[in-house]
Colleague: 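Take this structure first; my questions come after.
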Amino acid sequence: MKDMSESASNFIHDFIDEDIREGGRYEGMKVHTRFPPEPNGYLHIGHAKALYIDFHTAEKYGGLCNLRMDDTNPTKEDEEYVDAIKEDIHWLGYDWGDRFYYASSYFGQMYDYAEELIRKGLAYVCELTADQMKDMRGDLTKPAVSPFRDRPIEESLDLFARMRAGEFEDGRMTLRARIDLSSGNFNMRDPVIYRINHMRHHQTKDTWCIYPMYDFAHPLEDAIEGITHSLCSLEFESHRPLYDWVIENCSVPAKPRQIEFARLGINYTVLSKRKLRNLVENHLVSGWDDPRMPTLCGLRRRGYTPESIRSFHERNGVSKVNSVVDYAFLEHCLREDLNRTARRVMAVIDPVKLILTNYPEDMTETFEVENNPERPEDGTRIVRFSRELYIESDDFMEVPEKKFFRMFPGNEVRLKSAYVIRCTGCVRDDSGRLLEIHAEYDPNSRGGNTPDGRRVKATIHWVDSKTCVSAEVRLYDSLFTVAEPDLADCNYLDFLNPESLKVMSGAKVEKSLADAKPGSGFQFLRLGYFCADSKDSSPERLVFNRSVSLKDSYKS
RNA sequence: UGGGGUGUAGCCAAGUGGUAAGGCACGGGACUUUGACUCCCGCACUCGUAGGUUCAAAUCCUGCCACCCCAGCCA
């Protein structure tokens, strides 16, 4: 991985600089962060921002970053997500060493801390039902109420023990922190810190029937692991007083500091687990790894590289402003990476036959073509050429519009690395459908250079009709037709792009692609970057996904 | 009506009292055997807004406005 020790600074680093310098709260300590996903779904590019921040911050300061499953709610979580999360993180290029943890493995300690709070008179068992608690929460001006907050300590201790022992059904009672029922910050109005849930947990099995709430559990998890900086998103800002309260009132071994940053938004897509799940469950996409999905597995299948995603986050920066980044910027980062690494090949997505009428019927020859002009060390390959070829139907216009300088009757173009040819006409069937294009080649232009030095404006790609291989090419576009489908919270599905996937089943690709390994990426000359689909492509049936098109300054 | 935040170009984003970085997008040009890449040029007389302090303000002070988050036994 690229050395990030000199990467762009941000406000979080400014805080850390203060914390670790002489007199700071963590003077002389190693910076320690954590990435704490809840195992209830797949990671998406928004999580990658958090990963970027957590891992690179640790790296910048020579510290460590833990991976921790924040699994405090068995109702929503499942082990099946754990391995997928690990795989995605490793794919992105991050490593947590031997520091992989489950929050659930701290349940015993958390229980003890809860008891400590009760003994200190800072927590109590409340028998309000969920509805009652809601009714008694108060509002912006009126404080909350709980008839149980002055319950004797011994009684709460006993009840809490019996909660744990399974004596009560779900929802019968809760453990609440005793903080401030009249706080302007609702999170401090005696928040519930333990609830009863008789559900088997994927890690702790049937050991527990009470589970700690996020606000209580998270600061304890951080403290237990010796985290110095607990970096999270903006919506937890108003929870920080509670985070600090827990750290202050439980006798924990460390005092982590929570710092919040803005989560990522990208236009023309959605980035909430709920909405992504919706797309999957309603079969609006083929799955979590559909190449149109902003999930890491979706982006991977689409052909995005880890480097492009890391670069995207690094260059976007970190701030506290709610932002929506242009999708075009993500695409830019991908093109930038692929431009310097991707092998160039020729593929014709929407083929039309080109016949070189003055080229001998039985002749065939080969040409040497560079694999990547950006990287000569990648060498060359041999492509075959003969009388009948395929070219892109978009590269021909019988009646050219202004500024079109590719194939049209009378015009000369170059077939990439082969010959200069002059279009002589075309053949159509009765209904006007284009059947074939005719042209004459200049035998003296072998390789593409004219003997008299005359210039041609266009160079087009082609494949040999005899040796080319058939393939399916999937052209992807944005999932939504509006920039911010998230804004209309109710009907974002109304803005699904019906053309987000176009399948081109009759593509012809050069022979060298016949054994393209699933997942491998290429630049299809003049078209874009494509990768062999990791699920559906095989030597018997080649399938390529368009990762991103090339920029095109041609405007008709 | 309470609490917590945020406002710098179409989109991100530097900037921490000395006269508005950079990237994306966009427009123009050069180069080109990819209409790609690369390279040049242009793109905020002004930093949400109104005042104030100062020789000097995006930066300090005051008022106002806009937007985001919080009343799950979710995270």
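What's counted below: heavy atoms across the whole structure, side chains too, no hydrogens, waters or symmetry copies. Just so it is clear: chains get the letters A, B, ... in the order the sequence lines come, proteins before strands, and each one is counted from 1.
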Colleague: Should A:Leu271 and A:Ile266 count as side-chain neighbours, where that means a heavy-atom distance under 4.5 Å?
Modeller: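 The answer is yes, as the side chains (C-beta and beyond) meet within the 4.5 Å cut-off.
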
Colleague: Whole-Å distance between B:A14 P and A:Asn10 CG?
Modeller: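 To the nearest whole Å, that distance equals 8 Å.
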
Colleague: Between A:Tyr419 and A:Phe385, is the gap from one ring center to the other below 6.0 Å?
Modeller: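 Yes, ring centres under 6.0 Å apart.
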
Colleague: Indicate, with a heavy-atom threshold strictly under 4.0 Å, whether A:Thr129 touches base, sugar-phosphate, or nothing.
Modeller: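 Counting heavy atoms under 4.0 Å across all strands, the contact made by A:Thr129 includes a base.
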
Colleague: When you get a sec, tell me which of B:G5, B:A36, B:C70 is the closest nucleotide to the side chain of A:Glu374?
Modeller: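 Of the options given, the side chain of A:Glu374 lies nearest B:A36.
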
Colleague: May I ask you to say what A:Gly528 touches in the nucleic acid, namely base, sugar-phosphate or nothing, with a heavy-atom cut-off under 4.0 Å?
Modeller: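 Here A:Gly528 touches no strand at all.
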
Colleague: Any side-chain N or O of A:Lys551 under 4.0 Å from OP1/OP2 of B:C37?
Modeller: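 Result: yes.
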
Colleague: How is A:Arg344 classified with respect to the nucleic acid when contacts are heavy atoms under 4.0 Å: base, sugar-phosphate, or nothing?
Modeller: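 Base: the residue A:Arg344, judged by heavy atoms under 4.0 Å, touches a nucleobase.
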
Colleague: A:Asn316 has a side chain; which of B:C12, B:C37, B:U1 sits nearest to it?
Modeller: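 When the side chain of A:Asn316 is considered, B:C12 is the closest of B:C12, B:C37, B:U1.
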
Colleague: Measuring to OP1 and OP2 of B:G2, would you say a side-chain N or O of A:Arg189 lies under 4.0 angstrom away?
Modeller: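 For A:Arg189, the contact criterion (side-chain N or O under 4.0 Å from OP1 or OP2 of B:G2) is not met.
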
Colleague: Using a heavy-atom cut-off of under 4.0 Å over every strand shown, decide if A:Lys320 touches base, sugar-phosphate, or nothing.
Modeller: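 Counting heavy atoms under 4.0 Å across all strands, the contact made by A:Lys320 is with sugar-phosphate only.
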
Colleague: Nearest to the side chain of A:Arg137, heavy atoms from C-beta on, is which of B:C70, B:G72, B:C69?
Modeller: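 My answer, after comparing the listed nucleotides, is B:G72.
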
Colleague: Is the closest side-chain donor-acceptor distance between A:Arg34 and A:Ser230 under 3.5 Å?
Modeller: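 Side-chain D/A pair, A:Arg34 to A:Ser230: present.
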
Colleague: Would you say the side chain of A:Arg240 and the base of B:G4 hold a donor-acceptor pair, judged only by whether the two atoms sit under 3.5 Å apart?
Modeller: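 Looking at the base of B:G4, it does not pair with any donor or acceptor on the side chain of A:Arg240 (distance under 3.5 Å).
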
Colleague: From CG of A:Leu334 over to P of B:C24, roughly how many Å is that when rounded to an integer?
Modeller: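 Spelled out: CG on A:Leu334 to P on B:C24 is 15 Å.
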
Colleague: Please state how far atom CD in A:Glu370 lies from atom C1' in B:C37, giving the value in whole angstrom units.
Modeller: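 The distance from CD of A:Glu370 to C1' of B:C37 comes to 12 Å, rounded to the nearest Å.
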
Colleague: Let's see if you can work this out: which of B:G5, B:A75, B:U34 has an atom nearest to the side-chain heavy atoms of A:Arg526?
Modeller: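 When the side chain of A:Arg526 is considered, B:U34 is the closest of B:G5, B:A75, B:U34.
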
Colleague: Between A:Ala458 and A:Thr174, which is nearer to the 5' end of RNA chain B once each is assigned its nearest nucleotide?
Modeller: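 That would be A:Ala458.
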
Colleague: Could you please name the option among B:G2, B:A13, B:C73 that lies closest to any side-chain atom of A:Met133?
Modeller: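 Ranking B:G2, B:A13, B:C73 by closest atom to the A:Met133 side chain puts B:C73 first.
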
Colleague: For B:G29 versus B:G18, give the span between their P atoms, rounded off to a whole number of Å.
Modeller: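 So the two P atoms sit 41 Å from each other.
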
Colleague: Using a heavy-atom cut-off of under 4.0 Å over every strand shown, decide if A:Arg315 touches base, sugar-phosphate, or nothing.
Modeller: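 Sugar-phosphate only.
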
Colleague: Out of B:G3, B:C24, B:A71, which nucleotide sits closest to the side chain of A:Ala328?
Modeller: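 Nucleotide nearest to A:Ala328's side chain: B:C24.
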
Colleague: Let me confirm one number: the CZ-CZ distance from A:Phe530 to A:Phe522, rounded to the nearest 0.5 Å.
Modeller: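 Those atoms lie 12.0 Å apart.
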
Colleague: Using the ring of each side chain (for Trp, its six-membered ring), is A:Tyr101 parallel, tilted or perpendicular to A:Tyr106, with breaks at 30° and 60°?
Modeller: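 It falls in the tilted class, 30° to 60°.
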
Colleague: Between B:C70, B:G35, B:G72, which one does the side chain of A:Lys134 approach most closely?
Modeller: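 So the side chain of A:Lys134 is nearest to B:G72.
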
Colleague: Report which part of the nucleic acid A:Asn449 touches: base, sugar-phosphate, or nothing (heavy-atom distance under 4.0 Å, all strands).
Modeller: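 Base: the residue A:Asn449, judged by heavy atoms under 4.0 Å, touches a nucleobase.
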
Colleague: Tell me what A:Phe186 touches on the nucleic acid: a base, only sugar-phosphate, or nothing, going by heavy atoms under 4.0 Å.
Modeller: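 Contact class for A:Phe186: base.
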
Colleague: Among B:G35, B:U16, B:C24, which nucleotide has an atom closest to any side-chain atom of A:Phe404?
Modeller: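 That would be B:G35.
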
Colleague: What contact category does A:His239 fall into here, base, sugar-phosphate, or nothing, at under 4.0 angstrom with non-hydrogen atoms?
Modeller: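 Since a base atom lies under 4.0 Å of A:His239, the category is base.
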
Colleague: For the P atoms, the ones on B:U16 and on B:U54, what distance do you get once it is rounded to whole angstrom?
Modeller: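 It works out to 23 Å between them.
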
Colleague: Hey, can you tell me if A:Trp208 and A:Tyr111 have their rings parallel, tilted or perpendicular (30° and 60° cut-offs)?
Modeller: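 Ring orientation, 0 to 90° scale: tilted.
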
Colleague: Roughly how many Å is it from CZ in A:Arg176 to C1' in B:G72, rounded to a whole number?
Modeller: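 A:Arg176 atom CZ is separated from B:G72 atom C1' by 13 Å.
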
Colleague: Taking the C1' atom of each, how far is B:U59 from B:U53, in whole Å?
Modeller: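 Looking at atom C1' only, B:U59 and B:U53 are 13 Å apart.
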
Colleague: Counting just side-chain N and O atoms, does A:His332 come under 4.0 Å of either OP1 or OP2 of B:C24?
Modeller: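 Checking A:His332 against B:C24: at least one side-chain N or O falls below 4.0 Å of OP1 or OP2.
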
Colleague: May I ask you to verify if any side-chain N or O of A:Thr72 is less than 4.0 angstrom from the OP1 or OP2 atom of B:C74?
Modeller: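 No, A:Thr72 has no side-chain N/O under 4.0 Å of OP1/OP2 on B:C74.
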
Colleague: Please measure how far the P atom in B:A21 lies from the corresponding atom in B:U6, and state the result in whole Å.
Modeller: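 Those two atoms are separated by 25 Å.
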
Colleague: Under 4.0 Å between any heavy atoms, over every strand shown, what does A:Gly171 touch: base, sugar-phosphate, or nothing? Just pick one.
Modeller: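 Result for A:Gly171 = base.
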
Colleague: Does any part of the side chain of A:Arg384, heavy atoms only, come nearer than 4.5 Å to the side chain of A:Phe367, both counted from C-beta?
Modeller: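 A:Phe367 vs A:Arg384: side chains apart.
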
Colleague: Have a look at A:Asp139 and say if it touches a base, only the backbone sugar-phosphate, or nothing, with a 4.0 Å heavy-atom cut-off.
Modeller: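 Since a base atom lies under 4.0 Å of A:Asp139, the category is base.
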
Colleague: Is the base of B:G72 syn or anti, where syn means the angle lies within 90° of 0?
Modeller: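 For B:G72, whose glycosidic angle is within 90° of 0, the conformation is syn.
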
Colleague: Using atom C1' of each nucleotide, how far apart are B:G48 and B:A58 to the nearest Å?
Modeller: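 It works out to 12 Å between them.
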
Colleague: Looking at every strand, decide which applies to A:Arg455 at a 4.0 Å heavy-atom threshold: base, sugar-phosphate, or nothing.
Modeller: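 Sugar-phosphate contact only.
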
Colleague: In whole angstrom, what separates A:His313's NE2 from B:C24's P?
Modeller: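 Roughly 18 Å, once rounded to whole Å.
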
Colleague: Verify the ring-centre separation between A:His239 and A:Tyr243: is it less than 6.0 angstrom?
Modeller: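 Aromatic pair excluded; centres sit 6.0 Å or further apart.
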
Colleague: Distance check needed: B:A13 C1' versus A:Asn322 CG, whole Å only.
Modeller: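 Rounded to whole Å, this separation is 15 Å.
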
Colleague: Of the listed nucleotides (B:G35, B:G5, B:A13), which one gets closest to any side-chain atom of A:Ser319?
Modeller: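 Nearest to the side-chain atoms of A:Ser319, counting from C-beta on, is B:A13.
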
Colleague: How long is the line joining NZ of A:Lys273 and P of B:C74, in whole Å?
Modeller: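 A:Lys273 atom NZ is separated from B:C74 atom P by 15 Å.
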
Colleague: So what does A:Gln523 hit on the nucleic acid, given a heavy-atom distance under 4.0 Å: a base, only sugar-phosphate, or nothing?
Modeller: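 The residue A:Gln523 makes base contact.
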
Colleague: Between B:G35 and B:A30, how far apart are the C1' atoms? Round to whole Å, please.
Modeller: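 So the two C1' atoms sit 15 Å from each other.
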
Colleague: Describe the nucleic acid contact of A:Pro373 in one word from base, sugar-phosphate, nothing, applying a heavy-atom distance below 4.0 Å.
Modeller: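 Base contact - A:Pro373 has a heavy atom under 4.0 Å of at least one base atom.
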
Colleague: Whether the side chain of A:Asp326 and the base of B:G10 hold a donor-acceptor pair under 3.5 Å is what I'd like checked.
Modeller: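 In this structure, the two groups form a donor-acceptor pair.
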
Colleague: Taking Watson-Crick (N1-N3 plus N6-O4 or O6-N4) and G-U wobble (N1-O2, O6-N3), each under 3.5 Å, can you produce the dot-bracket string of RNA chain B? Use [ ] for crossing pairs and | for inter-strand ones.
Modeller: .(((((((.[[[..)..(...]]].(((((.......))))).....[[[[[..)....]]]]])))))).....

Colleague: Salt-bridged, A:Arg340 to A:Glu374, with N to O below 4.0 Å?
Modeller: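 Salt bridge absent between A:Arg340 and A:Glu374.
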
Colleague: Using the C1' atom as the reference point in each nucleotide, state the distance between B:A56 and B:G17 in Å, no decimals.
Modeller: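 To the nearest whole Å, 8 Å.
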
Colleague: A:Glu237 side chain: which of B:U34, B:A75, B:G4 is closest?
Modeller: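 Among the listed nucleotides, the one closest to the side chain of A:Glu237 is B:G4.
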
Colleague: How many Å lie between CG on A:Asn187 and C1' on B:G3, as a whole number?
Modeller: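 Rounded to whole Å, this separation is 9 Å.
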
Colleague: Distance between the C1' atoms of B:U32 and B:C68, in whole angstroms?
Modeller: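 After rounding to an integer number of Å, I get 48 Å for this pair.
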
Colleague: Any salt bridge linking A:Glu370 with A:Arg344? Criterion: basic side-chain nitrogen under 4.0 Å from a carboxylate oxygen.
Modeller: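 Salt bridge absent between A:Glu370 and A:Arg344.
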
Colleague: Assess whether ring pair (Phe, Tyr, Trp, His ring centres under 6.0 Å) is satisfied between A:His461 and A:Phe524, documenting all intermediate values.
Modeller: CA-CA 9 Å; A:His461 61 278; A:Phe524 285 4; 9.0 Å; no

Colleague: Check for me whether the distance between the ring centres of A:Phe11 and A:Phe261 falls short of 6.0 Å.
Modeller: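 No.
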
Colleague: Quick one: label A:Leu128 by what it contacts on the DNA or RNA (base, sugar-phosphate, nothing), any heavy atom closer than 4.0 Å.
Modeller: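 Base, at least one base heavy atom under 4.0 Å.
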
